[in-house]
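Accompanying notes for the structure given below.
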Amino acid sequence: MTTPAQAWHLDNLRLAWLRIRSNADRAYKGYFRDLYTAYSVADEGQLKHLQNRLKRGIFDPTDACKVFFPKPSGVLRPYSLLAVEDQIVYQAIANAIAEKLYPRVRKRYNKEVFGHLYAGSASPWFYRKWSEGYSAFNKAAGAAFEAGYKWTASFDLTACYDSIDHHVLRKMLTEIGVSHELANQLTDFLTRWTATDTQIYHNHGIPQGPLSSGLIAESVLRYFDENRGTKHDVKYFRYVDDIRLFAKDQGHLRYALVALDLLSKDIGLFPQSGKIYIHEVVDIAAELKSISNPIEPVLSVPDVNQDSLRKRLAELTPGKKGYIVTDSTRFKFLMSRAKPSSQLLDRLWKVYERAPHYYTQLAQHLSKFKSIPEKHARRLVVEVRAQELYPAIQAAFIHASVGRMPQSARKFARAKFKPLWRLNQNQADLSEALWIWLVEQSHLTDSQIRYALLKAKPNWLRMSLLHGADWAQIAAARRTTVLNASLRASSPDVAISAAWLCVLNGVPVQLPVKSIQANAKILLKGVGLVRRAGPSVCGIRLAIHEMTGADIPVNWRKFFGVTYKQAEAQIVTCKAYFKTSATSWVNSMDVFIDWLLNSLYRLDGTLGIYKLGHPGAVLKSTKLKSKFPELFRLFTLVHEKRYESNLSHPVVKATQQPTKVIPFRWMTSTGAKALQRASAELHKQY
């Protein structure tokens with residue numbers, strides 16, 4: 001049974017961090033390249049700090065930064081930018097799951113299953129090369145066709161990653177030997193990583209973008225592989241969530257499709273009925289639209305002939321058909337090999353007008369120019385201002401023009417781009433792109449720069465702005481103020497980035513050191529700028545902050561002394577119930593207060609004697625009520641509310657009425673406010 005303790009083993013965290021850095025998806029890594037560098041400065045210390053919080057149960061995931069990309073259909077594809085520690089934790093869990101999943105699925109690798117193939121425990125890479133799996137997929141389909149399986153149908157799933165139900169995921173994980181504790185931990189984290197910035201949390205979905213999600217999806221999609229059995233002669237090939245069927249008789253395909261449809265209903269996934277099309281294959285190469293079978297003739301020589309390549313691209317985007325791309329896969333592949341060409345740009349703009357989802361190919365081609373031709377530079381600016389639906393397109397075009405905008409078009413671009421600067425209103429990637437462009441052009445005021453560096457949201461954006469700032473052009477005093485404030489940000493990503501920038505720019509670290517965020521202190525200690533990283537994170541302080549919204553710096557370690565670990569474990573449990581069950585929270589908080597009173601009476605001998613486990617004995621203590629009125633009120637409220645809890649007694653002793661579920665409203669208002677006031681009261685003395 002794979003447990004949290006195994007997932008949080010330091011060797012597994014190290015492997016997770018290695019696999020994140022070796023991720024073949026350069027696009028995702030591009031959002032974090034500077035942050036990965038900063039984290040690597042003292043990564044061993046950072047990983048030990050992360051492990052400590054995971055083992056103590058006080059690690060708190062961060063809400064993901066969401067950006068949205070247009071799909072060919074016109075709707076949006078979400079992309080989740082996770083904090084660096086969240087990426088490591090997610091990958092560590094995926095590593096542990098992969099070891100349990102692999103023995104069950106490896107027999108189908110490159111025979112029936114071709115995507116997200118686990119590379120094995122000894123590999124620094126998480127997956128085998130995607131190109132090998134895709135090539136094997138095409139070869140297997142071609143072999144089936146040659147063997148007489150001429151009829152085919154495709155069974156695609158709608159929004160597969162977004163639709164995976166967390167209850168289903170937990171069931172699938174426990175079936176392969178993942179403990180209930182680790183499965184529950186994963187889905188608890190997923191609720192934070194899949195929600196949008198409305199903070200409306202879901203019980204379904206896995207984040208698109210992170211390396212780990214492909215393997216997590218495989219743990220659910222294997223249900224099709226293991227249960228698709230049919231008496232009919234049908235070849236089954238699955239590449240991620242795209243299932244391709246081949247048969248010698250079209251009737252057999254219908255049976256297989258119905259079987260897959262029923263399986264999808266078992267696990268709460270939804271087939272794209274509009275894409276299910278039974279037909280006879282005439283040309284298998286055209287059917288698969290492969291990039292590897294057969295290879296493009298123009299790419300068969302080392303030195304690609306650009307005239308031939310552009311001619312082939314023209315064939316794939318014929319003007320007579322309105323510049324509609326006839327083979328998307330080949331078009332994208334050829335575009336990646338094309339050298340900058342103004343003539344090709346003319347065609348790409350026409351392709352983009354009819355199919356905006358090809359903006360990535362257009363932006364990538366624009367970025368190949370040292371200086372974008374003026375005609376196309378002005379067109380780029382016009383398109384950025386005209387684009388109202390898809391901020392990701394605006395961001396891509398702006399990024400493509402950074403350092404490449406010709407002098408003749410810069411004044412025009414500045415006039416059009418500056419009004420778009422709406423820091424915390426734009427999608428994060430658009431604000432980040434505008435920041436890079438406007439900073440390069442020195443087109444932001446000092447107050448705008450300071451506000452952005454200190455107030456940008458979400459955390460990914462603020463981290464990116466820190467790395468994208470031109471610190472040489474910011475006055476020394478301002479550098480010191482902004483970076484030292486950022487060292488004390490609650491976000492590890494922001495604080496780590498600020499620490500690294502202090503190192504790179506020779507910015508002095510201001511006192512007190514103890515107020516610097518813990519991860520930042522680890523980096524600063526690693527480079528010798530501070531002597532000690534300080535004590536580890538206090539789980540009690542974090543839990544009270546999360547439940548009350550107030551960060552009250554009580555020295556809980558000193559207060560609890562030898563019972564600190566027990567008290568911390570108890571309030572971490574309270575924090576978990578704060579999100580799920582007010583009744584359980586009351587009972588759990590009553591136990592925490594028992595520990596608290598035990599320590600308080602030990603520290604303050606004037607209160608008298610306290611016996612752990614008998615809190616009711618001091619309910620009428622005038623000394624406690626007089627000296628600590630807010631703590632007394634919290635204790636009284638919680639202890640008396642426990643008498644009403646159906647987890648404590650069958651009836652309320654005073655009224656003999658049946659006990660009941662404690663309402664959430666009482667916990668989040670009365671209970672949480674009392675906890676905040678009691679903590680503030682203790683802070684005055686401890």
Side-chain angles (χ1 to χ4, degrees), residues 2-4 6-9 12-25 28-29 61 64 79-80 82 86-110 112-134 136-137 157 160-166 168-179 182-190 193-194 204-226 238-243 267 269:
T2 300
T3 65
Q6 292 169 299
W8 311 150
H9 194 283
N12 189 43
L13 292 174
R14 290 186 184 116
L15 180 60
W17 174 227
L18 173 61
R19 285 174 166 169
I20 287 168
R21 287 177 286 131
S22 66
N23 183 5
D25 183 0
Y28 195 77
K29 287 198 298 188
Y79 204 61
S80 300
L82 303 188
D86 290 358
Q87 292 179 45
I88 294 169
V89 170
Y90 192 21
Q91 186 60 46
I93 297 174
N95 287 349
I97 292 171
E99 288 299 307
K100 286 294 183 182
L101 181 64
Y102 183 54
R104 296 179 64 119
V105 300
R106 62 183 175 185
K107 62 185 177 183
R108 289 188 285 271
Y109 277 10
N110 287 330
E112 294 180 342
V113 177
F114 304 89
H116 293 137
L117 308 181
Y118 180 51
S121 59
S123 175
W125 294 278
F126 193 43
Y127 302 118
R128 302 179 188 183
K129 288 184 179 180
W130 74 269
S131 55
E132 293 176 0
Y134 194 69
F137 175 78
L157 295 168
C160 175
Y161 279 26
D162 294 336
S163 303
I164 291 175
D165 183 87
H166 292 173
V168 172
L169 177 57
R170 287 194 293 269
K171 176 177 175 56
M172 294 296 170
L173 293 178
T174 54
E175 281 183 357
I176 63 173
V178 176
S179 70
L182 186 57
N184 287 332
Q185 189 78 83
L186 172 61
T187 53
D188 284 347
F189 291 161
L190 288 174
W193 297 336
T194 55
H204 61 84
I206 59 177
Q208 295 192 50
L211 176 70
S212 321
S213 289
L215 192 284
I216 303 302
E218 287 296 308
S219 68
V220 174
L221 293 171
R222 68 176 176 84
Y223 188 76
F224 291 105
D225 311 334
E226 295 175 358
R238 181 173 66 78
Y239 190 85
V240 192
D241 58 347
D242 179 5
I243 299 173
I267 56 176
L269 296 177

Next item on the list: Please work out whether the ring planes of Phe126 and Tyr118 are parallel, tilted or perpendicular, with thresholds of 30° and 60°.
Entry: perpendicular
Notebook entry, point to check: In terms of the angle between their ring planes, are Tyr134 and Phe137 parallel, tilted or perpendicular, with boundaries placed at 30° and 60°?
Noted result: parallel
Check: Can you find a heavy atom in the side chain of Leu186 that is under 4.5 Å from one in the side chain of Tyr90?
Finding: yes
Check: Taking only residues two or more places apart in sequence, or in another chain, which ones meet Arg21 in a salt bridge (charged side-chain N to carboxylate O under 4.0 Å, His left out)?
Finding: none
Check: Between Val105 and Val113, is any pair of side-chain heavy atoms under 4.5 Å apart?
Finding: no
Check: Cut-off 3.5 Å, side chains only: do Glu99 and Asn95 have a donor facing an acceptor?
Finding: no
Check: Are Glu175 and Arg104 ion-paired here, with the side-chain N under 4.0 Å from a carboxylate O?
Finding: no
Check: Hey, what do you get for CG (Leu173) to NZ (Lys100), rounding to the nearest 0.5 Å?
Finding: 12.0 Å
Next item on the list: Decide yes or no for Asp165 and Leu269: does some side-chain heavy atom of the first lie under 4.5 Å from some side-chain heavy atom of the second?
Entry: no
Checklist line | Parallel, tilted or perpendicular: rings of Tyr28 and Tyr79 (30°, 60°) | finding: perpendicular
Item checked: Ala24 backbone acceptor or donor facing Lys29 side chain under 3.5 Å -> no
Checklist line | Heavy-atom side-chain proximity of Asp86 to Trp193 below 4.5 angstrom | finding: yes
Margin query: Could you check whether any side-chain heavy atom of Trp130 comes within less than 4.5 Å of a side-chain heavy atom of Leu117, counting everything from C-beta outward?
Written below: no
Check: So, do Asp162 and Gln208 sit near enough that their side-chain heavy atoms are less than 4.5 Å apart?
Finding: yes
Notebook entry, point to check: CG/Leu211 to NE2/His116 distance, rounded to the nearest 0.5 angstrom?
Noted result: 8.0 Å
Check: Within a strict 4.5 Å, meaning less than it, do heavy atoms of the Val89 and Trp8 side chains meet?
Finding: yes
Note to self: So, applying side-chain contact (heavy atoms from CB on, under 4.5 Å) with Ile88, which one of Asn12, Ile93, Ile20, Leu15 is it?
What the structure shows: Ile20
Check: If you round to the nearest 0.5 Å, how far is CG of Leu101 from OG of Ser219?
Finding: 6.5 Å
Next item on the list: Please tell me if the side chains of Leu157 and Leu221 come closer than 4.5 Å, counting only heavy atoms from C-beta onward.
Entry: yes
